[in-house]
Each structure stands twice: as structure tokens, then as C-alpha cells.
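Below is one structure, written out as C-alpha cells; the observations come after it.
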Number of protein chains: 2
Amino acid sequence: MEHNLKEFFDKALKEVSLDCTVFGFHEGELKVLLLRWKGTDGWSLPGGHILLDESADDAANRILTQRTGLNDVYLQQFYTFGNVNRYTYHPEKELLEKLEATFGKGFFDGIIFRRVVSIGYYALVEFDQVQPTPDWFTDECRWWSLADVPNLLFDHNEMIERALKALRQHARNHPIGYNLLPEKFTMPELQRLYETILDRQFDRRNFQKLIMSYDILERLDEKRVGAANKSPYLYRFVKEKYDQAGATGISFSM
Amino acid sequence: MEHNLKEFFDKALKEVSLDCTVFGFHEGELKVLLLRWKGTDGWSLPGGHILLDESADDAANRILTQRTGLNDVYLQQFYTFGNVNRYTYHPEKELLEKLEATFGKGFFDGIIFRRVVSIGYYALVEFDQVQPTPDWFTDECRWWSLADVPNLLFDHNEMIERALKALRQHARNHPIGYNLLPEKFTMPELQRLYETILDRQFDRRNFQKLIMSYDILERLDEKRVGAANKSPYLYRFVKEKYDQAGATGISFSM
DNA sequence: TTTTCTTTGTGTAAAATTTACGCATTAAAA
DNA sequence: TTTTAATGCGTAAATTTTACACAAAGAAAA
């Protein structure tokens with residue numbers, strides 16, 4: 001299906017695209033998932049177009065699955081990018097030539113590099129559960145640390161920036177972690193996630209008190225062993241209470 | 001220009017529209033500006049389409065000016081509506097027939113009532129400064145109290161709901177009032193604005209202390225006279241400090 | 001086996017913020 | 001002149017946030 005672009009586009013919105021910033025958390029860092037276009041060294045966010053009979057939210061899920069192999073992830077729309085020249089930021093002639101060399105001349109005619117408005121979504125996934133799988137357009141699909149993200153095609157660097165801002169805003173007003181951490185985790189691990197997202201440090205005793213006051217966590221009778229120090233307890237989110245706190249909204253004030 | 005829809009659409013994005021929820025504050029109530037389509041009793045938000053050489057933000061301003069006569073207002077994108085059937089919620093056959101009777105059969109063919117994604121903006125305006133002026137498509141352009149808003153065309157009721165949520169969210173994290181109140185206002189007037197937007201009551205003494213602690217207001221040597229009580233002082237926002245507080249972000253915690 | 005090093009678990013006092021509330025004053029209306 | 005209703009100003013109590021110390025655990029080093 002992806003192989004015949006023209007045919008696909010007859011069933012899709014041409015003037016609207018959709019791009020996903022996929023966040024993962026690994027080794028104390030936030031990572032994003034990027035794709036490298038086949039035959040080029042141009043990186044971009046996984047994106048695509050909305051089908052005529054498909055909602056934007058459904059499209060976000062489908063596109064993420066098709067382009068990266070991810071399934072059933074937490075997705076949140078955060079901003080729609082409507083600048084006139086957003087599609088000509090980076091695609092230098094060189095890249096276009098490489099794309100044409102790979103996909104054949106005229107393959108993208110009237111489809112890519114035209115005026116398109118793009119809906120931005122961010123996704124939160126458990127890093128270890130993810131097996132990034134490139135699609136037919138893509139040579140490579142892999143995680144990048146936020147700090148190392150290269151110059152991306154189009155306005156995708158700006159998209160990541162805005163996605164991060166939206167994620168931070170979300171983290172200040174809702175519980176976070178259920179979609180980013182493994183089922184069981186230690187308090188220091190959760191704290192590191194918060195510190196990474198909000199980009200600041202917390203006193204571990206005060207952090208524990210505050211997080212536990214939300215009543216969304218349960219401490220297990222297990223500990224994480226192996227490290228050269230006292231074994232920390234494992235915790236897990238109580239889904240119902242986590243969702244409830246998310247619906248009500250909390251204010252993470254520390 | 002509006003008179004020849006087909007010609008206009010050659011220069012515009014067909015699959016993307018843009019709708020504005022215009023908020024005003026009057027007599028202690030939030031109001032929204034609605035349009036009634038010529039020859040019908042169908043009400044909707046002022047909306048339109050983005051030109052090919054125009055950013056979404058620019059389009060929002062232009063559309064608002066063309067459709068309501070408003071100029072240079074505070075505009076904020078808040079959500080993009082991408083449901084499949086959002087354009088068929090309300091337009092019963094009856095309405096379509098009336099529109100055809102007014103504008104001529106086929107006038108909207110292939111333009112309205114097709115799959116369109118709509119970018120939602122909200123606007124904040126000084127109620128008294130506004131002279132709502134209907135455009136060529138519109139019989140009537142007037143303010144409605146939020147509580148009285150009728151069933152609107154398309155998904156515009158949902159748009160207003162989401163716009164209000166976004167406005168509330170904004171008010172909790174930024175100073176608000178500069179775009180909604182006249183230049184000079186009293187403390188009780190500002191308090192009522194906050195109470196209306198956030199839908200709760202405040203103790204007037206604590207409210208004054210908190211608002212003044214942000215250091216964005218200056219008290220004038222004038223008072224509002226005429227009421228059967230002690231004359232309250234007039235205040236005005238210090239624009240630089242207001243903007244600064246808006247950029248930094250404040251947390252209105254009361 | 002013992003010592004060292006690092007990290008975890010727990011509690012309390014001080015500081016800051018938020019909330020509750022009282023009283024004198026003002027201005028129009030009765 | 002009196003009454004009524006709202007404003008200006010300030011303080012005490014309650015709550016929340018912040019700062020901080022020491023004992024215990026577990027692997028690694030000696």
C-alpha cells in the first residue's frame with residue numbers, strides 16, 4: 001500500500017499531515033524516535049497522512065504502527081503547525097535528489113514538499129517494550145537522546161521542542177509515568193523520570209512524601225537487588241487511581 | 001472576493017478550516033460571538049479557510065476581521081478537530097435547502113460539507129471595543145452568554161467547550177485580563193473576571209493580596225464613582241510586567 | 001571476614017504560603 | 001440624618017513546602 005503513493009493519496013487528505021514525537025525514558029534520559037529516509041541521511045519524525053474515513057486520533061495510531069511498529073501507545077495531540085514555509089526548512093536540493101534516486105523521479109510529485117498543515121502528537125512509550133521497526137520508506141528507525149537530536153527535515157526540530165513543552169505542562173498537572181516506566185519500578189527511578197521531564201532536582205524524601213500523598217502508587221513486597229547499596233522497594237501504579245487523578249488533575253507543586 | 005467562492009478556494013487549503021471562539025466579558029458573564037448564516041436559523045462560530053501563502057495564525061486574524069469586523073485581537077490556537085463526521089453533526093437537510101435557496105444551488109458544491117479538519121483558535125476581546133459586523137454570508141453577528149448558546153452547526157458546541165477549558169488552563173498559569181477588560185478597571189471587576197473564568201469564588205481580601213503580589217498592576221489615583229457604596233480605586237495593567245509574567249508563567253493558586 | 005562505600009528508609013522542625021476573618025470607612029439611597 | 005451595601009486594610013490560624021540527619025542495607029574492596 002505504501003508502495004503506491006498516488007493510490008494511497010486518493011484515499012487521504014493531501015493538505016493535512018500528522019507527525020508524532022515518540023518519547024521514551026532510558027538510562028535517566030528522555031529519548032525520541034527518529035526515522036532516516038531511505039537512501040538519504042535526512043532524519044525526521046514518523047509522520048503520515050490522514051485517511052478520508054479516519055479520525056485524526058485514529059490516524060496517529062495507524063501511522064505510528066505502520067512507520068515504527070509501535071502498537072497501542074499513549075498519544076496526545078499538542079499543536080498544529082501551520083506556517084507557510086514549514087515544509088521547505090531543510091530539504092536541500094541534495095536530499096531531494098537522493099530521494100528521487102531512491103524512489104524514482106516524480107515519485108513524490110504533488111505529494112511531498114507542498115503546502116501542508118501538520119497536526120503534532122506526542123506519544124509516551126515504555127522504552128524496553130519497543131522494537132522500533134523501519135517501514136518501506138525508511139532505512140533506519142532508532143532512539144536519539146534529546147540532547148543529540150540532529151537537524152531534522154521540515155520543522156521537526158521545532159515540533160520536538162513544542163512536544164517537550166507540552167509534555168512538561170502535562171506532567172505539572174497530571175500524574176505521569178504509567179506509559180513511560182516498566183510495570184514495577186523504584187522510587188529513585190520515578191524521581192529521575194520527574195527530574196528529567198521537569199528538568200530540575202528534588203529532595204528524595206520530599207519527593208517520596210508528595211508522590212505518595214497522591215495515592216496512586218502501591219509499594220510491593222519486592223525489592224530491586226543487585227546494586228552495591230541498600231535494596232530499594234519496588235512500586236507500581238494503581239491504574240484506577242492513576243486514571244482518576246489524571247481526570248481530576250493534580251498540581252505537582254514542588 | 002467572498003462572493004466567488006470557487007475562485008477563492010483556488011487560492012486556499014480546501015481540507016483545512018479554521019474556527020474562532022471569541023470570548024468577551026460583560027456584566028459579569030463570559031460571552032461568545034456567533035454568526036447566523038444568511039437566510040437560515042443555523043448559528044456557528046466565525047470560521048474560514050487558510051490561503052495557500054498564509055500561515056494559520058495570519059489566517060485566524062484575517063478570517064476574524066473579514067467575518068466579524070474585529071481587528072488585531074489576542075488569538076490562541078488550542079486544538080485541532082479531526083473527527084470524520086464533524087461536518088455532518090447538525091446540518092439537517094432543511095438547513096442545506098435554505099442555504100441553497102439563499103446562495104443558489106451548487107454554490108457550496110465540493111466546498112462545504114466535505115471532510116475537513118479544523119484548527120480551533122480562541123480570541124479574547126474587550127467587549128465594549130467590539131462592533132460585531134456580519135459579512136456577506138451572515139445575517140447576524142452577535143454575542144451570546146455561554147449558558148444560552150444554542151445548538152450550533154458542525155461540532156461548534158464542542159469547540160466552545162474545549163476553548164473554555166483551554167482558557168481556564170491558560171488563566172491558571174498566566175495573568176489574564178489585559179485583553180478582556182477595559183484599560184482601567186476596579187479590583188472587584190478583575191476578581192469577577194477571574195471568578196467567572198475559573199468558575200469559583202474568592203475572598204476579596206486574599207484575591208487582592210495575591211493579584212498584587214504578581215506586580216503586574218498599578219493602582220491609579222482615580223476611583224469609580226456612582227455606585228451606592230465606597231468608591232473603589234481604578235487599576236491598570238503594566239504591560240511590560242504583564243507580558244513578562246505571561247512569558248515566565250505564574251501559577252494562580254487560590 | 002572485615003571494612004568501606006554508596007544508597008535507601010524514615011521523621012521532625014523551620015519557613016513560607018494559603019486561608020479565614022474583623023472592623024472602620026465611604027457613598028448613594030432611604 | 002440614618003440606613004445599606006461595598007471597599008480598604010491588616011492579623012492570626014492552618015496548611016503546605018522546604019530543609020535537613022542518622023541508622024540500615026548490600027555489594028565491593030581490602
Side-chain angles (χ1 to χ4, degrees), chain A residues 27-28 171-175 177 181-182 184-196 198-236 245 248-254, chain B residues 27-28 171-175 177 181-182 184-196 198-236 245 248-254:
Chain A
E27 290 177 344
R172 273 191 290 271
N173 297 296
H174 306 265
L181 292 175
K184 300 173 183 179
F185 49 87
T186 66
M187 193 56 74
E189 284 163 4
L190 180 62
Q191 181 175 343
R192 222 132 297 146
L193 175 65
Y194 267 88
E195 291 179 333
T196 304
L198 298 178
D199 194 28
R200 44 172 304 213
Q201 304 294 111
F202 302 111
D203 179 279
R204 69 195 170 82
R205 293 152 292 187
N206 294 335
F207 177 83
Q208 166 146 351
K209 257 183 296 182
L210 186 59
I211 238 21
M212 290 311 283
S213 77
Y214 297 142
D215 191 30
I216 54 175
L217 283 179
E218 108 181 289
R219 191 172 88 174
L220 306 175
D221 283 330
E222 291 176 72
K223 300 186 169 190
R224 167 140 311 156
V225 293
N229 52 42
K230 187 169 180 176
S231 302
Y233 282 106
L234 288 170
Y235 292 79
R236 123 178 104 199
T248 314
I250 61 175
S251 123
F252 186 84
S253 56
M254 191 158 60
Chain B
E27 289 177 346
R172 274 191 289 271
N173 297 296
H174 306 265
L181 293 175
K184 300 171 182 181
F185 50 86
T186 67
M187 194 54 75
E189 284 163 3
L190 180 62
Q191 181 174 345
R192 223 132 296 144
L193 174 65
Y194 267 88
E195 291 179 334
T196 306
L198 297 178
D199 193 28
R200 43 172 304 213
Q201 304 294 111
F202 302 111
D203 178 279
R204 70 195 169 81
R205 293 152 290 188
N206 294 335
F207 177 83
Q208 165 147 352
K209 257 183 295 180
L210 186 59
I211 259 320
M212 290 310 283
S213 78
Y214 297 141
D215 190 29
I216 54 174
L217 283 178
E218 106 181 292
R219 192 173 88 175
L220 307 176
D221 283 332
E222 291 175 73
K223 300 186 168 192
R224 168 142 308 158
V225 293
N229 52 42
K230 186 169 181 176
S231 301
Y233 282 105
L234 288 171
Y235 292 80
R236 123 177 106 199
T248 315
I250 60 175
S251 123
F252 187 83
S253 56
M254 191 157 58

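All values below were derived from every heavy atom in this structure, side-chain atoms included, with hydrogens, water molecules and symmetry-related copies excluded. Reminder, nothing fancy here: chain letters follow the sequence lines and each chain counts from 1.
Taking only distance into account, the side chain of A:Lys209 meets the base of C:dT12 through a donor-acceptor pair shorter than 3.5 Å. If you check distances only, the side chain of A:Arg204 does reach the base of C:dG9 with a donor-acceptor pair under 3.5 Å. Remark: the B:Arg224 side chain and the D:dA6 base include no donor-acceptor N/O pair separated by less than 3.5 Å.
One atom, OH of A:Tyr235, and another, P of C:dT8, lie 11 Å apart when rounded to the nearest Å. The distance between atom NZ of B:Lys230 and atom P of D:dT7, rounded to the nearest whole Å, is 10 Å. Computed from coordinates, the B:Met187 CE to D:dC9 P distance equals 10 Å when rounded to whole Å. In this structure, the NZ atom of A:Lys223 is 12 Å from the C1' atom of C:dT7, given to the nearest Å. Atom CZ in A:Phe207 sits about 15 Å away from atom P in C:dT10, given to the nearest Å. For B:Met212 and C:dT18, the CE to P distance is 17 Å, given to the nearest whole Å. The separation between B:Gln191 atom CD and D:dG8 atom C1' is 13 Å, rounded to whole Å. With rounding to whole Å, A:Leu217 atom CG is found 13 Å from C:dG9 atom P.
Residue contacts shown for B:Met254 are limited to sugar-phosphate atoms, with no base heavy atom under 4.0 Å away.
Each of B:Gly226 and A:Ser231 has a nearest nucleotide on DNA chain C; the 5'-most of these lies closest to A:Ser231. Checking A:Pro188 against B:Ala228, the closest nucleotide of DNA chain C that is more toward the 5' end is the one next to A:Pro188.
Between the CE atom of A:Met187 and the CE atom of A:Met212 there is a distance of 5.5 Å, given to the nearest 0.5 Å.
Side-chain proximity of B:Asn206 to the nucleotides C:dT8, C:dT19, D:dG8 is greatest for C:dT19. Comparing D:dT7, C:dT7, C:dC21 by their closest approach to the side chain of B:Asp203 singles out C:dC21. You'll find that the side chain of A:Leu210 is closest to D:dT17, out of C:dT26, C:dT10, D:dT17. Looking at the side chain of B:Arg219, the nearest of the listed nucleotides C:dG9, C:dC21, D:dC9 is D:dC9. When distances run from any side-chain atom of A:Arg205 to the nucleotides C:dT10, C:dG22, D:dG8, the shortest one goes to C:dT10.
Between A:Gln191 and A:Asp203, the closest heavy-atom pair is NE2-C, 4.2 Å. Among all heavy-atom pairs drawn from A:Leu210 and A:Ser253, the shortest one is CD2-O, 3.9 Å.
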For a side-chain contact (heavy atoms from CB on, under 4.5 Å) check, start with the C-alpha distance between B:Asn173 and B:Ile250, then their side-chain angles and the critical distance, and finish with the verdict. CA-CA 5 Å; B:Asn173 297 296; B:Ile250 60 175; over 6 Å; no

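Between A:Phe252 and A:Phe202, the ring planes are perpendicular. Angles over 60° get that label, and only those under 30° would be called parallel.
Contact annotation: A:Ser253 reaches the phosphate of D:dT17 (side-chain N/O to OP1 or OP2, under 4.0 Å).
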